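Below is one structure; the comments refer to it alone.
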Amino acid sequence: QPHAFVVAPKSIVSVRWRSSSPHRPRDAAATAGSSSSSSSPVAMAASSNSTGKKGRKKKEHVGGGGGGFGSSSSPIGRHHRSDEDVMGGPAVYPDLESHILETLVSSTFPIVHGSSSSPPGGGSILPGEIYDRLDGIYGFDKFNFGGDGALYRSVGGTTAPVLARVDDDHSSTWSSPLEGGASDEYPWPSLLTSSSSSSSSSSSSIGPGNVVYDLNSIPPFRRFRVLHVDPMVLAIDDFFTPDECDTYVRMSIDSSVGGGGGLVDDHAAAVYDNDDPNRRRESPPGPVMIGQSRTVGKDARSRAQRTSTTWFHHYAGVPELLAKACRLLGLNDHDDVGRFEEPQTVRYRGGERFTWHLDALPPEETSSDGGGGGGGAGQRIATLLVYLTDLSTGEGGSTMFRDLGVDGMPLRVRPTKGSALLFFPAAGGIPNAPLDIRTLHCGEAVAEDAGGEKWIAQLWLRQRAYKPTAPVGNDHLKALGAISNYCNIMAKGSI
Ligand SMILES: O=C(O)CCC(=O)C(=O)O
Ligand SMILES: [Fe+2]
């Protein structure tokens, strides 16, 4: 069962849906047995949306030339270069249709790094123009950087919080994709129109009525970097503590004892034996290793796409990840926890990688009939990736966005322990298309002689409630208590 866009070889004339990484357990089973390649060109996906309801929009630009960042309209042909320099493998760039190519323009806006002009508590300051633009594209008020539901912006040389914004612009040409007109606005309604992000406590609707938590107990994330504006790619450097990183790695490794690295083994590591009694992971079972992907996939291409190892985690086992993701994205309602796919950790050893792909899902995976899995959860609208280990320059392992760098080079994000990377695989790019092809990215091969392994944790947010399929018994509901505990601990810590 295909599950994500992966780039076809140049000789193939359009982007095709193709199985690749074990993003989801069902995929692993499918790739192990059958293979991959029902195809469905992007052009088809794009046109299939054209009758959808009008939804939240993109104010302008997208197609290049419209003025604004990233509209330098440099042709994308230059991106059709060999990737041997960065991937050490055969070229897997697509031949894309011209109207898609035209959307692949890099941002030319200079990104301001560093702390010399930082807001209180750190972070970067960008010109107000960028914030205005991000607000228009992404609904800025829902990102919790640097303040209570606010981002910091530069105002006359000083900093001031940007107040949560009322979203009154629904004059969109952005249509609802993939739903046969049956869905609501796409893809941001809940991010944009739910109540102001971080100023109120949550109320429970999917959870037991007595579970309450307040995500405001988690300090706002202050150390963020805007790596690219449109499409937006953010790094959040204070997302996980070193201890949290170590815990996530350790529980993955520990759970695989006896798991044997088989393909899908829902029974492996059914019980997680926490060796740290101070943590609250006593009851939930541990993560399940779903396979070393050297063995996942039948054909050479599938095998080549990901050569790492993935573990699927019980929601209840990763409250820090869920709570912080909700805090970051302004998802205060318990229902929103139910929109996350199975949390994953991924290990890349020397030589391992994940080649160019898009995280956005093919239509059959998002349809509301549930036929594609996930219970009609809709599209992946946000990718959150947390680096659990450091890799130094020269050790490889960077996440690279092929088309978002400067001078034809990829945007390269080196793994930094505790940093998160946030981007939006289906939020913009091609008008009326259900994916943002500009977010094409890869996990660069880790150098054979790297000093350590690359580990990441990953989380995908869907448009609607998602039905997990692994590990057995995995249930969002069971995480609410753990999230509540975590928030309580954070609240006490900050007093
Ligand atoms: O490992 C990375 O840096 C990227 C992983 C990734 O893109 C994915 O798993 O979808
Ligand atoms: Fe990805």
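Just so it is clear, the model here is predicted, and its values are computed rather than measured.
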>> Check R347 with E352, please: is the shortest side-chain N to carboxylate O separation under 4.0 Å?
In response: no

>> Using the rule side chain to side chain donor-acceptor pair (under 3.5 Å), only one of H476, E341, E342 pairs with Y466; which is it?
In response: E342

>> Would you compute the distance between atom CH2 of W356 and atom NE2 of H441 and round it to the nearest 0.5 angstrom?
In response: 9.5 Å

> Does a side chain donor of either T383 or W460 reach within less than 3.5 Å of an acceptor in the other side chain?
Replying inline: yes

>> To check you understand the geometry: which heavy-atom pair defines the closest contact between L321 and F239, and what is its length?
In response: CD1-CE2, 4.2 Å

> Is there a side-chain contact (heavy atoms from CB on, under 4.5 Å) between S419 and Y387 once you walk through the steps?
Replying inline: CA-CA 6 Å; S419 290; Y387 299 104; 4.3 Å; yes

> Shortest non-hydrogen contact from P415 to G397?
Replying inline: CG-O, 3.1 Å

> Roughly how far, to the nearest 0.5 Å, is the CG atom of L477 from the OH atom of Y315?
Replying inline: 11.0 Å

>> Tell me if a side-chain donor or acceptor on R339 pairs with a main-chain N or O of Q463 at a distance below 3.5 Å.
In response: yes

> Taking C-beta and beyond as the side chain, do S217 and R327 meet within less than 4.5 Å on heavy atoms?
Replying inline: no

>> Taking the six-membered ring for Trp, are Y486 and Y213 closer than 6.0 Å centroid to centroid?
In response: no

> Taking C-beta and beyond as the side chain, do W455 and I253 meet within less than 4.5 Å on heavy atoms?
Replying inline: yes

>> Nearest 0.5 Å, please: how far is CZ in F354 from CD1 in I456?
In response: 9.0 Å

>> Can you tell me how far apart NZ (K454) and CD (E444) are? Round to the nearest 0.5 Å.
In response: 8.0 Å

> Do the side chains of L391 and T389 get nearer than 4.5 Å, heavy atoms only?
Replying inline: yes

> So do the side chains of K417 and P242 get within less than 4.5 Å of each other, counting heavy atoms only?
Replying inline: yes

>> Regarding R414 and D390, does a basic nitrogen lie under 4.0 Å from an acidic carboxylate oxygen?
In response: no

>> Once rounded to the nearest 0.5 Å, what's the spacing between atom OG1 of T241 and atom CG of D246?
In response: 8.0 Å

>> I'd like to know whether H357 forms a side-chain hydrogen bond (donor to acceptor under 3.5 Å, both in side chains) with D359, so could you lay out the CA-CA distance, the side-chain angles of the two residues, the decisive distance to 0.1 Å, and finally the verdict.
In response: CA-CA 7 Å; H357 66 283; D359 286 354; 3.0 Å; yes

> What pair of heavy atoms forms the shortest contact from A479 to L322, and how long is it?
Replying inline: CB-CD1, 3.8 Å

> For F340 and R462, what are the C-alpha separation, side-chain angles and deciding distance, and is it a side-chain contact (heavy atoms from CB on, under 4.5 Å)?
Replying inline: CA-CA 6 Å; F340 287 113; R462 301 287 284 268; over 6 Å; no

> Would you call R353 and S308 a side-chain contact if the rule is heavy atoms closer than 4.5 Å?
Replying inline: no

> Does L421 reach the side chain of L234, with side-chain heavy atoms less than 4.5 Å apart?
Replying inline: no

> Does the side chain of V318 come within less than 4.5 Å of P343's, by heavy atoms?
Replying inline: yes

> Do any N or O atoms from the side chain of K324 and from the backbone of P319 form a donor-acceptor pair under 3.5 angstrom?
Replying inline: no

>> If I compare all heavy atoms of L358 with all of D436, which pair ends up nearest, and what's the gap?
In response: CD2-O, 3.9 Å

>> Any heavy-atom pair between the side chains of T310 and T345 that's under 4.5 Å?
In response: no

> Less than 6.0 Å separating the ring centroids of H228 and F423?
Replying inline: no

> Given the rule in the side-chain contact (heavy atoms from CB on, under 4.5 Å) test, do L328 and L384 qualify, once you have shown the distances and angles that lead to the verdict?
Replying inline: CA-CA 10 Å; L328 178 66; L384 182 69; 3.9 Å; yes

> For the side chain of R464 and the backbone of G376, is there at least one donor-acceptor N/O pair under 3.5 Å apart?
Replying inline: yes

>> Rounded at 0.5 Å granularity, tell me how far CE in M400 sits from CG in L440.
In response: 10.5 Å

>> Could you check whether any side-chain N or O of W311 sits under 3.5 Å from a backbone N or O of S252, counting only pairs where one atom can act as donor and the other as acceptor?
In response: yes

> What do the steps show when you test Q458 against V346 for side-chain contact (heavy atoms from CB on, under 4.5 Å), and what is the final call?
Replying inline: CA-CA 8 Å; Q458 289 206 100; V346 184; 4.2 Å; yes

> Shortest non-hydrogen contact from V211 to G481?
Replying inline: CG1-N, 4.1 Å

>> Tell me the closest heavy-atom pair linking A482 and A316, and the distance in Å.
In response: CB-O, 3.7 Å

